[in-house]
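Here's the structure we're looking at; comments come further down.
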Amino acid sequence: MVVGDFPIETDTLVIGSGPGGYVAAIRAAQTGQKVTIVEKEYIGGVCLNVGCIPSKAMISVGHRFEEAQHSDEMGIVAKEVSLNFEKAQAFKDSVVKKLTGGVESLLKGNKVEIVRGEAYFVDENTVRIMDADSAQTYKFKNAIIATGSRPVEIPTFKYSERVIDSTGALALKEVPKKLVVIGGGYIGTELGTAYANMGSEVTILEGAPDILAGFEKQMTSIVKKGLKKKGVEVITKASAKGVEESDSGVSVSYEAGGEEKTIDADYVLVTVGRRPNTDEMGLEELNIKMGERGLIEVDKQCRTSIPNIYAIGDIVAGLQLAHKASYEGKIAAEAIAGEKSEVDYLAIPAVCFTDPELASVGLTEEQAKEEGFEVTAAKFPFGANGRALSLNAAEGFVKLVSRKEDGLLLGGQIVGAGASDMVAEIGLAIEAGMTVEDIAMTIHAHPTLAETTMEAAEVALGTPIHIIK
Ligand SMILES: Cc1cc2nc3c(=O)[nH]c(=O)nc-3n(C[C@H](O)[C@H](O)[C@H](O)COP(=O)(O)OP(=O)(O)OC[C@H]3O[C@@H](n4cnc5c(N)ncnc54)[C@H](O)[C@@H]3O)c2cc1C
């Protein structure tokens, strides 16, 4: 941080270096802008440090450990399988370090100035950037706010050593013998699954009638079957009431089915949503137009009500996902450069890294009908796919939703092994305006899981080869 108070001038000031901010900064630099990025905590934001990446590393650890113990069907019986959790954490940390170091190099390589500190708006062309012992004023022509989100805290579950949020869950020093998860959204279910695979006895308490809202019931029922097999108890319509904490554990009280109950555990993980970081940075004084729940209102170029200030990622409406933040970052940077770029969320994927994985892109069958389309919904099961069987991962299906009159692809849902990667093909096809016939006529390598997408397209056309019509 530069000490002194002569304002430093920059073209574009990006606040926050998560997947929204760092991508926006790089794209802005690519268009010739002089770019400064401000970060108050760690380069890479939530995603790289305490979100997507470390959680996926721990999920992989859980998978390897679980598979090492339960592959007897394939003739593999390991006599002694142990988990060195300290080493597992070190593995996770090494992945994070590689990626965050990589992002820093990319920013530097693109001549983006990195400033450590917390940004606070003074007016619509000025911020003060403060760290523990200094402050610096920056003047900018345009700013992109990408300050992300933080976990919501329930007043009766104050975060502590044993009442933890997702960041705490990723930094544990031991595998909990018993873990209670409050909130069956994708973060709670993913982390609950990872710890169940590592040997924890997990209970998920969810207030709604079902977990993983946003994914179709026919998909989540397969995940719930998998959770049950791992011994994870899912209690829905459950209202978490409070927690008593001791040195060695927690006692969580909740109400379900009209009864008050308690569960004892080593830790309780609270994952009931994330709130945007839009407070405490001077936005009120700027009079930026705010939307619901602290989100900033933006137009299709991610421009706020103040024309030279843009906002992207978790602080604007829509899915709180890394790839959405990055996509919006590129649009905002290009808009500042005078390009005509606009957001189009037609084919934005949503993925959940449970066992098996869930993925959805475009419209679901129900959404397509609500939008007035007459649709064909065609499903092909993983159980009829050679690669899925050879992976011993026969659970799941691909579903394609297309317009009845001409087969235009409107959406796709996948539950099964590799769903997170397979969804890209469906997203590309939607983006390119393709029909189910286009997918059916694309030669897919054999034997691959991706063949299930081709075969679902053939189901839509009424000509499937590997299942009887
Ligand atoms: C456990 C977990 C798992 C997840 N898994 C996935 C996944 O698999 N896939 C997926 O797509 N998404 C996932 N997400 C969500 C994803 O992490 C977020 O959607 C994404 O990080 C949002 O990006 P962002 O750029 O908007 O903000 P963030 O990544 O939150 O970054 C914002 C940055 O701004 C900084 N900042 C805030 N205020 C200031 C200020 N005033 N001055 C300077 N700097 C500031 C913060 O320190 C932070 O580094 C996960 C999240 C969690 C918690």
Side-chain angles (χ1 to χ4, degrees), residues 1 13-25 36-60 92 96 100 103 114-121 127-131 136 138 143-152 164-171 181 183 185-194 269-283 295-296 302 310-330 332 348-354 357-359 420 423:
M1 152 95 43
L13 182 97
V14 181
I15 307 175
S17 71
Y22 85 76
V23 170
T36 301
I37 192 165
V38 194
E39 174 53 57
K40 72 169 181 181
E41 210 168 354
Y42 21 51
I43 298 288
V46 167
C47 170
L48 267 65
N49 293 278
V50 291
C52 324
I53 299 300
S55 64
K56 266 77 254 180
M58 292 316 268
I59 286 168
S60 301
K92 176 210 77 183
V96 168
T100 51
V103 166
I114 301 171
V115 182
R116 307 276 178 169
E118 184 164 355
Y120 192 94
F121 282 94
V127 287
R128 288 276 285 168
I129 302 175
M130 289 157 281
D131 69 7
Q136 173 66 51
Y138 268 75
I144 301 175
I145 312 173
T147 47
S149 61
R150 60 184 186 273
V152 167
I164 53 177
D165 60 9
S166 55
T167 302
L170 289 166
V181 180
Y186 84 92
I187 294 177
T189 311
E190 282 185 6
L191 292 174
T193 305
L269 162 60
V270 183
T271 54
V272 291
R274 298 181 60 83
R275 56 178 290 200
N277 293 325
T278 49
D279 42 356
E280 296 170 11
M281 58 182 309
L283 293 180
L295 297 168
I296 300 177
C302 303
Y310 295 70
I312 58 169
D314 281 8
I315 54 169
V316 301
L319 298 170
Q320 287 184 322
L321 293 172
H323 46 273
K324 172 194 169 267
S326 300
Y327 173 67
E328 290 169 347
K330 293 178 208 166
I348 187 157
V351 168
C352 185
F353 293 79
T354 38
E357 292 177 353
L358 300 171
S420 56
V423 75

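Both ligands and their constituent atoms are indexed starting at 1 by order of listing. Values below: all heavy atoms of this structure, side chains included; hydrogens, waters and symmetry mates excluded.
Once rounded to the nearest 0.5 Å, the distance linking CG of Leu48 with OH of Tyr22 reads 5.5 Å. Distance check, rounded to the nearest 0.5 Å: CD1 of Ile53 to NZ of Lys92 gives 12.5 Å.
In this structure, atom 25 (O) of ligand 1 lies nearest to the protein heavy atom Gly20 N, 2.8 Å. Closest to atom 16 (C) of ligand 1, if we only count protein heavy atoms, is Cys52 SG, 3.8 Å. For atom 31 (O) of ligand 1, the nearest non-hydrogen atom of the protein is Gly18 CA, 3.5 Å. The nearest heavy-atom contact from the protein to atom 34 (O) of ligand 1 is Gly16 CA, 3.2 Å. When hydrogens are left out, the protein atom nearest atom 18 (C) of ligand 1 is Asp314 OD2, 3.4 Å; that is the closest non-hydrogen contact. Closest protein heavy atom to atom 44 (N) of ligand 1: Lys40 N, 3.2 Å. Closest to atom 50 (C) of ligand 1 among all protein heavy atoms lies Tyr186 OH, 3.3 Å. Looking only at protein heavy atoms, the nearest one to atom 20 (C) of ligand 1 is Pro19 CG, 3.8 Å.
Taking 4.0 Å as the cut-off between side-chain N and carboxylate O, Asp279 and Arg150 count as a salt-bridged pair.
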Take Leu13 and Val38 through the side-chain contact (heavy atoms from CB on, under 4.5 Å) test and state the conclusion after the steps. CA-CA 8 Å; Leu13 182 97; Val38 194; 3.9 Å; yes

Step by step, work out the side-chain contact (heavy atoms from CB on, under 4.5 Å) result for Val181 and Thr189. CA-CA 8 Å; Val181 180; Thr189 311; over 6 Å; no

Can you list the steps and then say if Ser55 with Leu170 is a side-chain contact (heavy atoms from CB on, under 4.5 Å)? CA-CA 7 Å; Ser55 64; Leu170 289 166; 4.1 Å; yes

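In terms of N/O distances under 3.5 Å, ligand 1 is approached by Leu321. Taking distance alone, with nitrogen or oxygen atoms compared against 3.5 Å, Asn277 stays at or beyond that limit from ligand 1. The shortest N/O to N/O separation between Ala119 and ligand 1 falls below 3.5 Å. Residue Ala322 has at least one nitrogen or oxygen atom sitting less than 3.5 Å from a nitrogen or oxygen atom of ligand 1, judged on distance alone. At least one N or O atom of Lys56, backbone or side chain, sits closer than 3.5 Å to an N or O atom of ligand 1. Ligand 1 has no nitrogen or oxygen under 3.5 angstrom from a nitrogen or oxygen of Arg274. In terms of polar-atom proximity, Ser166 is not counted as a contact of ligand 1, lacking any N or O under 3.5 Å from an N or O of the ligand. The shortest N or O to N or O distance between Glu39 and ligand 1 is under 3.5 Å. Of the N or O atoms in Ala325, none lie within a sub-3.5 Å distance of an N or O in ligand 1.
Within the 4.5 Å cutoff, the side chain of Ser149 has no heavy atoms near those of the Arg275 side chain.
When the options Val14, Thr147, Val46 are ranked by their closest heavy atom to atom 30 (O) of ligand 1, first place goes to Val46.
In summary, the atoms of ligand 1 found under 4.0 Å from a heavy atom of Gly313, numbered by their order in the structure, are 26 (O). Counting the atoms of ligand 1 from 1 in the order shown, those under 4.0 Å from a heavy atom of Ile15 are 40 (C), 42 (N), 43 (C). Taking every heavy atom of Tyr42 and a limit of under 4.0 angstrom, the matching atoms of ligand 1 come to 49 (O). Of all the atoms in ligand 1, the ones that sit under 4.0 Å from a non-hydrogen atom of Gln320 are 15 (C), 19 (O).
Of the possible polar contacts, none joining the Glu118 side chain to the Lys40 backbone as a donor-acceptor pair under 3.5 Å is found. Judged by distance alone, with hydrogens and angles left aside, the side-chain atoms of Glu190 form a donor-acceptor pair with the main-chain N or O of Phe353 at under 3.5 Å.
Residue contacts with ligand 1 do not include Thr271, since none of its heavy atoms lies under 4.0 Å from the ligand. Using a 4.0 Å heavy-atom cutoff, Phe353 is listed among the residues neighbouring ligand 1. Residue Gly117 places a heavy atom less than 4.0 Å from ligand 1.
Residue-level proximity to ligand 1 for Tyr120 is absent, since no heavy atom of it falls below 4.0 angstrom. When non-hydrogen atoms are compared, ligand 1 lies under 4.0 Å from the side chain of Ser55 (C-beta onward) but not from its backbone. Contacts between Pro151 and ligand 1, counted as non-hydrogen atom pairs separated by less than 4.0 Å, are absent for every part of the residue. Looking at Ile129 against ligand 1, nothing comes within 4.0 Å, counting heavy atoms.
Among residues two or more places apart in sequence or in another chain, the side-chain hydrogen bond (donor to acceptor under 3.5 Å, both in side chains) test is passed with Tyr120 by Glu285.
Just one residue in the list Val316, Ile315, Thr147 forms a side chain to side chain contact (heavy atoms under 4.5 Å, CB included) with Pro276, and that residue is Ile315.
Residue pairs meeting the side-chain hydrogen bond (donor to acceptor under 3.5 Å, both in side chains) criterion with at least one member in residues 41-52: none, sequence neighbours excluded.
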